[in-house]
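For reference, the structure discussed in these notes is given below.
Quick caveat: nothing in here was measured; it's all calculated off a predicted structure.
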Amino acid sequence: MKKKYNWGILAPGKMAAKFTNGLKTVENATLYATGSRDKARAEKFAIEHGFRKSYGSYEELAADPGVEIVYIASPHSHHHDQAILCLKNKKAVLCEKAFALNTRQAGEMIAEAKKHNVFLMEALWPPFQPFYHKAHEILDSGILGRIIHLHAYFSFIPPFDPADRKFNTSLGGGSLLDIGIYPVIDALSFIGVPDEIKACALFGETGAEESVSALFRYDNGVMATIYSSFKTNVGIGCDLICEKGNLTLSRGRDMNQRVILGLHGKEKETIVFNPPALGYHWEAEEVMNCLDNNLVESPVVPLSFSLDLIKTLDRIRHEAGIIFPGVDM
């Protein structure tokens with residue numbers, strides 16, 4: 001029988017609700033505690049989702065000896081301090097993307113985890129999903145030959161609110177860290193870290209970048225184009241243009257995952273996946289499997305990948321002139 005783990009949810013908002021719904025489907029996960037700066041908000045979330053305890057501060061949540069794993073669902077700007085708080089209290093941490101605002105912050109989080117020998121993982125959704133696994137399987141089979149070009153994009157038009165985390169630069173607002181991170185994950189996952197990056201951004205009235213375009217060049221001749229925007233409604237997808245055909249990945253936010261295989265001279269084949277719990281339960285299962293095996297990082301989302309990801313995002317920010325107040329590039 002598997003060991004059961006007590007989960008704490010830090011910052012109980014919309015993202016935390018999605019993750020918690022996935023957590024409810026995992027047998028060895030116990031909904032233990034919630035923590036918010038607003039006690040009433042923590043209590044409301046705990047009652048709605050069936051948590052045993054609620055706290056009106058993050059410090060209380062982190063200090064509770066019953067909490068074994070903390071899922072951090074706050075805005076990007078708070079991840080660094082909150083992750084370090086939990087790691088110092090010897091809690092395993094699953095931290096929402098983007099891991100941090102920059103490479104320095106991510107490095108400090110990783111150093112803190114290693115100092116205390118505590119588990120730390122960035123909550124990256126794609127690597128656990130069946131459409132991603134299928135894409136890797138097809139590419140690894142060699143039937144498409146070499147990848148020549150990757151084009152990945154994520155865009156939608158949210159309601160404008162200058163205080164919302166998507167548009168507030170003090171919270172790490174802008175399309176890059178919120179949704180642009182996904183096309184970058186695609187590029188790193190299927191091709192690797194680029195040798196050269198060119199990027200530009202369009203800024204909105206709050207100073208947050210609302211659209212970003214980037215070109216990745218690799219010394220082996222491969223290129224990738226990356227696009228994210230809050231000004232267009234293109235959707236979510238990744239096109240892999242290969243020697244012997246094309247592979248397209250698409251999804252409707254967290255569901256309706258599609259892989260379309262188009263070999264030259266053959267009819268296209270479409271494979272559809274609709275995982276349970278929007279696929280978030282696999283992240284929770286990975287954390288607990290790692291803890292069962294005394295691992296302090298995940299082989300699926302290793303800390304080295306999170307470092308490569310934040311370094312690449314920093315390079316895009318620097319190239320495009322995206323600046324968060326009070327945060328070094």
Side-chain angles (χ1 to χ4, degrees), residues 97 124-157 175-176 178-200 211-280 282-283 300-301 305 308-309 312-313 316:
K97 60 82 193 164
L124 299 184
W125 184 85
F128 296 96
Q129 304 308 311
F131 80 136
Y132 237 60
H133 296 163
K134 189 63 179 179
H136 278 294
E137 178 188 314
I138 292 169
L139 291 167
D140 291 344
S141 74
I143 60 171
L144 284 166
R146 192 170 71 93
I147 297 171
I148 303 298
H149 188 91
L150 176 148
H151 174 58
Y153 52 91
F154 192 143
S155 84
F156 72 105
I157 305 173
S175 73
L176 180 63
D178 193 69
I179 56 176
I181 190 171
Y182 289 106
V184 176
I185 290 169
D186 291 341
L188 297 188
S189 296
F190 295 117
I191 309 176
V193 177
D195 296 293
E196 183 183 1
I197 294 177
K198 298 292 184 183
C200 59
S211 300
V212 180
S213 292
L215 173 65
F216 291 1
R217 186 192 65 78
Y218 298 80
D219 288 345
N220 63 359
V222 179
M223 290 200 297
T225 47
I226 304 297
Y227 174 69
S228 68
S229 180
F230 291 141
K231 300 293 285 183
T232 62
N233 195 21
V234 177
I236 314 164
C238 176
D239 299 319
L240 291 150
I241 303 165
C242 305
E243 291 175 310
K244 301 176 184 178
N246 304 320
L247 192 65
T248 296
L249 282 68
S250 67
R251 60 185 174 97
R253 294 308 290 263
D254 306 313
M255 59 188 75
N256 195 22
Q257 304 172 12
R258 293 175 180 268
V259 177
I260 303 170
L261 173 62
L263 289 167
H264 295 328
K266 294 185 179 181
E267 283 192 22
K268 289 183 178 180
E269 178 186 357
T270 301
I271 307 158
V272 181
F273 302 95
N274 281 295
L278 303 181
Y280 286 99
W282 285 313
E283 295 174 31
V300 179
V301 185
F305 185 88
D308 284 342
L309 178 57
T312 304
L313 292 167
I316 294 171

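Rounding to the nearest 0.5 angstrom, the gap separating the NE2 atom in His133 from the CG atom in Asp140 is 11.5 Å. Between Tyr280 atom OH and Phe128 atom CZ the span is 12.5 Å, to the nearest 0.5 Å. Taking CD1 from Ile197 and CG from Leu215, the interatomic distance works out to 9.5 Å, rounded to the nearest 0.5 Å. The distance from the CG atom of Leu124 to the CD atom of Glu283 is 7.5 Å, given to the nearest 0.5 Å.
Annotation: side chain of Ile191 is not in contact with side chain of Phe216 (no heavy-atom distance under 4.5 Å). By the 4.5 Å heavy-atom criterion applied to side chains, Ile316 and Lys198 are not counted as neighbours. Proximity of Pro194 to Leu188: side-chain heavy atoms (C-beta onward) are separated by under 4.5 Å at one or more points. Ile185 places a side-chain heavy atom less than 4.5 Å from the side chain of Leu309. Here the side chains of Cys238 and Phe131 are not in contact, with every heavy-atom distance at 4.5 Å or above. A heavy-atom distance below 4.5 Å is found between the side chains of Tyr182 and Lys97. Residues Asn246 and Asp239 form no side-chain contact, since every pair of their non-hydrogen atoms from C-beta on lies 4.5 Å or further apart. Between Phe230 and Ile179, some side-chain heavy-atom pair lies under the 4.5 Å cut-off.
In terms of heavy atoms, Leu139 sits closest to Leu240 at CD1-CD1, 4.0 Å. Nearest heavy-atom pair, Tyr227 versus Val234, reported as atom, atom and distance to 0.1 Å: CE2-CG2, 4.2 Å. Here the closest non-hydrogen pair linking Arg146 and Glu243 is N-OE1, 2.6 Å. Taking each heavy atom of Gly142 and Lys244 in turn, the nearest pair found is O-NZ, 4.2 Å. Taking each heavy atom of Leu176 and Val212 in turn, the nearest pair found is CB-CG2, 4.2 Å.
The side chain to side chain donor-acceptor pair (under 3.5 Å) contacts involving residues 184-195 comprise Tyr132-Asp186, where partners must be two or more places apart or lie in separate chains.
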Donor-acceptor list for residues 265-279 side chains, cut-off 3.5 Å, not counting sequence neighbours:
residue : atom : partner : partner atom : Å
Asn274  : OD1  : Asn256  : N            : 2.8

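Looking only at atom types and distance, the side chain of Ser175 has a donor-acceptor partner in the side chain of Ser228 under 3.5 Å away.
Listed by chain and number, the residues in a side-chain contact (heavy atoms from CB on, under 4.5 Å) with Ile236 are Phe154, Arg251, Arg253 (sequence neighbours excluded).
Thr232 places no side-chain N or O within 3.5 Å of a backbone atom of Ser155 that could act as its donor or acceptor partner. Looking at Tyr218, its side chain does come within 3.5 Å of a backbone N or O of Gly192 through a donor-acceptor pair.
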